[in-house]
Amino acid sequence: MSNENVAAMKDNTSESTESGAGDERKYLTPGARSASAGSRYAVISAAFVGVLLISNVVAVKPIAFGAITFGSFSLPLVFDGGVFLFPLAYILGDVIAEVYGLKASRRAIFVAFALAAVASLTIFIVQVSPPAAGWENQEAFAAVLGFVPRIVAASLIAFLAGQLLNAWVLDRMRKQTKGRFLRSRLIGSTVAGQLVDTLLFCTIAFAGIITGIDFVMYVVLGYVVKVLAEVVLLPITTRVISAVRRAEERSAA
């Protein structure tokens, strides 16, 4: 078979494949085309919402990791359970804000806020519903997952204020630097967002319950750990942002 015939067969195969793909896309519904085009944003937003909901569930437990002692002075290491996972919410929020912009970031934040409110309401309804005969864990359920107005209010208000500020600062810095200095922008937005988030949550949820130096250390350590988590994970965050941005650029090409 001549080289010309082989080339012609390849061209026909390529045209047939492209035609088949085009026909397949033609029969997709508008919703299916939209879902396919925005799949990365949807996955990242879903992970963002999931991290928030999990963090809210475990944040009700204060955790003590001993204390730092300076002679006769002792600084207790007190955190809430959300400290393990909640920094990831800010990393995912940074990815959304940096790649998809402020408007898309606010959309994800408001969806997360709404679902967190629904989760709190659902837990409350389950808590006040009469337990089935033979189920003896009602008090334990109420103690661990029970609707605590201060915790719920603290979580929702702190998340909304902190995340919106984080996204706004990152977007503002991106415009001022014309997209440069990504690492500095990520750290700067986290420093601002986490400060507001930590202060609001700790104050609304535990002021008067955790007192004195314990409360001060609870606020300071919670803030420092969350910011340090952003710094430590910065190489991963920047790589994820770059990978998602390249993927979106290829899709748009």
Side-chain angles (χ1 to χ4, degrees), residues 51-91 93 109 112-128 137-169 187-233:
V51 166
L52 168 69
L53 296 179
I54 296 170
S55 297
N56 283 350
V57 171
V58 299
V60 298
K61 178 182 177 180
I63 300 174
F65 288 106
I68 300 175
T69 303
F70 300 95
S72 60
F73 185 70
S74 179
L75 294 176
L77 301 176
V78 181
F79 307 89
D80 64 69
V83 73
F84 296 111
L85 193 59
F86 192 71
L88 184 57
Y90 271 79
I91 293 172
I109 291 168
F113 176 83
L115 288 177
V118 170
S120 298
L121 179 60
T122 303
I123 291 173
F124 172 70
I125 293 173
V126 173
Q127 176 187 344
V128 299
N137 298 312
Q138 176 64 23
E139 292 184 2
F141 179 91
V144 176
L145 288 179
F147 184 88
V148 180
R150 286 186 63 173
I151 298 293
V152 173
S155 177
L156 294 177
I157 293 172
F159 166 78
L160 187 63
Q163 284 289 346
L164 288 175
L165 180 60
N166 180 77
W168 181 83
V169 170
I187 294 174
S189 63
T190 298
V191 167
Q194 286 285 12
L195 178 62
V196 170
D197 185 297
T198 304
L199 284 174
L200 285 175
F201 178 81
C202 294
T203 302
I204 298 172
F206 292 111
I209 299 174
I210 302 175
T211 59
I213 189 62
D214 288 350
F215 179 76
V216 173
M217 291 306 300
Y218 172 56
V219 174
V220 172
L221 286 173
Y223 174 68
V224 170
V225 168
K226 291 172 184 176
V227 172
L228 284 178
E230 167 79 12
V231 175
V232 171
L233 296 175

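As the structure is a prediction and not an experimental result, all values here were calculated from the model. We use all heavy atoms of the structure for the numbers below, so side chains are in, but hydrogens, waters and symmetry mates are not.
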Heavy-atom closest contact ([X] atom, [Y] atom, distance):
X    : Y   : answer
L233 : I91 : CD1-CD1, 3.3 Å
A89  : V51 : N-CG1, 3.6 Å
A119 : L53 : CB-CD2, 4.2 Å

Check for a donor-acceptor pair, side chain of Q138 on one end and backbone N or O of Q127 on the other, with a separation under 3.5 Å.
yes
List the steps and the verdict of side chain to side chain contact (heavy atoms under 4.5 Å, CB included) for F159 and L52.
CA-CA 9 Å; F159 166 78; L52 168 69; 3.4 Å; yes
Applying side chain to side chain contact (heavy atoms under 4.5 Å, CB included), can you list everything that pairs with V169, at least two apart in sequence or on another chain?
L165, M173, S189, A192
If you measure from OG on S155 to CG on L160, what distance do you get to the nearest 0.5 Å?
10.5 Å
To the nearest 0.5 Å, what is the distance between CD1 (I109) and CG (L164)?
4.5 Å
Side chains of residues 195-224: which donor-acceptor partners sit under 3.5 Å, not counting sequence neighbours?
{"from": "D197", "atom 1": "OD2", "to": "Y90", "atom 2": "OH", "distance (Å)": "3.3"}
{"from": "T198", "atom 1": "OG1", "to": "Q194", "atom 2": "O", "distance (Å)": "2.7"}
{"from": "T203", "atom 1": "OG1", "to": "L199", "atom 2": "O", "distance (Å)": "2.7"}
{"from": "Y218", "atom 1": "OH", "to": "D80", "atom 2": "OD2", "distance (Å)": "3.2"}
{"from": "Y223", "atom 1": "OH", "to": "V191", "atom 2": "O", "distance (Å)": "3.0"}

